[in-house]
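As the structure is a prediction and not an experimental result, all values here were calculated from the model.
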Amino acid sequence: VPFEKINRSLLDDARVYNIPQYDADGNISNKTMTAAAEPLNATAFTNVAVVQEWFYRAKSNKLFSRINYLLLYAHKIKDGLVTAQAVPVLKIMLN
């Protein structure tokens with residue numbers, strides 16, 4: 001998902017609508033306009049989980065890790081009510 005598409009629709013159950021556009025004669029054109037949700041603020045996220053793999057190289061006696069992805073948690077809004085438990089809403093892949 002491109003960064004520009006990350007908005008409040010991740011949290012709200014409100015729909016994002018594609019609105020048809022009309023030409024001068026009132027006919028529906030092949031162009032549409034999207035009614036976008038407001039941008040998502042970083043304060044909406046409550047927790048982050050880092051998923052990683054750990055490796056040990058015995059020959060050099062080194063321990064290292066590789067971060068695979070991050071999970072961002074937030075409280076979702078359904079029917080105007082905020083959920084009690086934060087749920088994962090965005091996964092950021094790092095591989």
* Asked: What residue pairs, at least two apart or across chains, pass salt bridge (charged side-chain N to carboxylate O under 4.0 Å, His left out) with a residue in residues 44-56?
  -> E53-R66
* List in chain and number order the residues that pass side-chain contact (heavy atoms from CB on, under 4.5 Å) with V48, two or more places apart in sequence or in another chain; answer none if no residue qualifies. => L70, L72
* Side-chain hydrophobic cluster, 4.5 Å single linkage: members besides Y73 -> V51, Y69, L71, M93
* For Q85 and H75, work out which heavy atoms get closest and say how close. => C-ND1, 3.8 Å
* **Contacts of type side-chain hydrogen bond (donor to acceptor under 3.5 Å, both in side chains), residue N47, not counting sequence neighbours** => none
* Non-hydrogen side-chain atoms of Q52 and N68 separated by less than 4.5 Å -> no
* Structure fact -> All heavy atoms of A44 vs all of A74, minimum pair found to be O-CB, 3.4 Å
N/O donor-acceptor pairs under 3.5 Å from side chains in residues 54-64, not counting sequence neighbours:
{"unit_1": "Y56", "atom_1": "OH", "unit_2": "N61", "atom_2": "OD1", "d": "2.5"}

* Asked: Which pairs, with at least one residue in residues 85-95 and sequence neighbours excluded, count as a salt bridge (charged side-chain N to carboxylate O under 4.0 Å, His left out)?
  -> none
